[in-house]
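One structure below.
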Amino acid sequence: MRPEHPIVLITGASSGFGEAMARLLAAQGCHLALGARRLDRLEALATELTQAHGVKVFAGQVDTRDTASVNAFVAAAAGSLGGLHVLIANAGLASGTFKMWETPDEDLEAMMRTNVEGVVKTIRAGLPHLRKAGWGHIFFIGSTAGHQPYEGGSVYCASKFGVKAMAHSLRLEVNGEQIRVTSVDPGMAETEFSNVRLKSDDKAKAVYQGVQPLKAYDVAECVRWCLMLPDHVNIDEMLVKCTDQASVHKLHRRA
Ligand code: NDP
Ligand code: 8X3
């Protein structure tokens, strides 16, 4: 039975998509568990959303690469909010644009441990709470990089192909339970993603030059729409790109 005010856990809520999802879902009356490493940002957001919408917001520091950290965060969130109904495994990153043979271990590990292992750890810890509630929705945040590989993105693309595979497997595994599984797979979107990937604000700006990219709220709106659909409707996968992006390799740039 769908709760009137779903309790939604979001990893990577300190910026970009996760922060936008928190804002949009709080406005819909959802209670929130917000996780990321930058706790100061989460606490400021929690205060703002509680005051603006009267919802309960738990803010907790978590490093999704670390099992103990994820387990502690999820347990504290569920304890503080009285359970969990929705998991949004959003925390992730690209690190560098190296060709496969050039990729340093540090970047390889950052992407695989966050984008693949962190997602497993988050869902593994959160799923028992959804089962206990008897109603749930799990969101993966994939990417066009999980549909079409590109040069300089071998490891990131591998991690997002992995996300796609995990979403498919999990949907099969929970079939028969009232738990929906959705992967929202965006193309280029202007968040802190490119600043993190390129380790340079100027280079990040150039990525979006002359293009009208997706905004974080566009992606948050996709999540909100999937979540608000009736219980018998499951959106498996939502591939969403800005109008200027026809494919990973075809981007319309204005002069
Ligand atoms: P941002 O860099 O703006 O946000 C990434 C979020 O992930 C931050 O809140 C960051 O928080 C968190 N995060 C990163 N590593 C960890 C970690 N080890 N533990 C906990 N939290 C972590 O980028 P986006 O919002 O764009 O990215 C969100 C997701 O969307 C990612 O999975 C990304 O791959 C995906 N994506 C992005 C696209 C884009 O073009 N922007 C397109 C398609 C998919 P903190 O640093 O505080 O820990
Ligand atoms: C982020 C989009 O094109 O940089 O997942 O891989 S892209």
Side-chain angles (χ1 to χ4, degrees), residues 9-23 33-45 59-67 69-70 72-74 88-97 107 109-119 121-122 139-164 166-167 183-199 201 203-204 207-208 211 213-220 222-223 238-242 244-251:
L9 180 143
I10 307 171
T11 62
S14 61
S15 80
F17 299 162
E19 180 184 340
M21 289 169 203
R23 291 179 184 282
L34 308 180
R37 292 166 299 181
R38 288 171 291 181
L39 185 60
D40 53 337
R41 286 193 181 201
L42 298 177
E43 285 176 340
L45 184 60
Q61 191 166 45
V62 65
D63 184 337
T64 59
R65 296 169 298 183
D66 181 75
T67 299
S69 172
V70 173
F73 166 65
V74 172
I88 307 180
N90 164 72
L93 79 165
S95 193
T97 52
D107 297 289
E109 285 167 19
M111 288 185 272
M112 296 311 284
R113 288 187 60 203
T114 312
N115 300 355
V116 178
E117 293 181 28
V119 168
K121 289 172 187 194
T122 301
F139 286 91
F140 291 79
I141 304 300
S143 169
T144 45
H147 293 256
Q148 193 184 5
Y150 55 86
E151 310 89 324
S154 57
V155 175
Y156 181 66
C157 293
S159 75
K160 291 298 184 180
F161 269 80
V163 167
K164 184 156 84 157
M166 290 192 291
S183 185
V184 173
D185 300 354
M188 72 185 307
E190 194 164 9
T191 60
E192 293 180 14
F193 177 85
S194 291
N195 308 70
V196 171
R197 178 177 220 169
L198 304 172
K199 299 176 180 71
D201 291 350
K203 286 183 189 166
V207 171
Y208 309 106
V211 177
L214 292 174
K215 295 181 170 55
Y217 281 96
D218 301 325
V219 176
C222 294
V223 168
M238 190 185 268
L239 186 59
V240 51
K241 307 197 295 311
C242 66
D244 286 337
Q245 186 175 29
S247 85
V248 162
H249 290 105
K250 187 162 173 68
L251 191 63

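Ligands are counted one by one from 1 in listed order, and the atoms in each one are counted from 1 as well.
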task = Could you check atom 2 (C) of ligand 2 against the protein and tell me its nearest heavy-atom contact, residue, atom and distance included?
result = S143 OG, 3.8 Å
ask   = When you look for heavy atoms under 4.0 Å from ligand 1, do you find them on the side chain of R38, its backbone, both, or neither?
value = both
query = Relative to ligand 1, is T144 under 4.0 angstrom through side chain, backbone, both or neither, heavy atoms considered?
reply = neither
So, does [X] sit close enough to ligand 1 that a heavy atom of it is under 4.0 Å from the ligand?
X: G187; result: yes
X: G142; result: yes
X: T114; result: yes
X: R113; result: no

inquiry  = Is the distance between the ring centroids of F139 and F17 under 6.0 Å?
reply    = no
note = Sequence neighbours excluded, the answer for salt bridge (charged side-chain N to carboxylate O under 4.0 Å, His left out) partners of R38 is E192
task = Between R197 and ligand 2, find which residue part has any heavy-atom pair under 4.0 Å and reply side chain, backbone, both or neither.
result = side chain
task = Give yes or no for whether the N/O distance cutoff of 3.5 Å, strictly under, is met between Y156 and ligand 2.
result = yes
request  = Any atoms of ligand 1 less than 4.0 Å from a non-hydrogen atom of V62? List them with their elements.
outcome  = 19 (N), 20 (C)
Minimum side-chain heavy-atom gap L9-T122 below 4.5 Å = yes
task = Can you sort out the partners of V155 under side-chain contact (heavy atoms from CB on, under 4.5 Å), two or more places apart, ordered by chain and number?
result = T103, L108, M111, M112
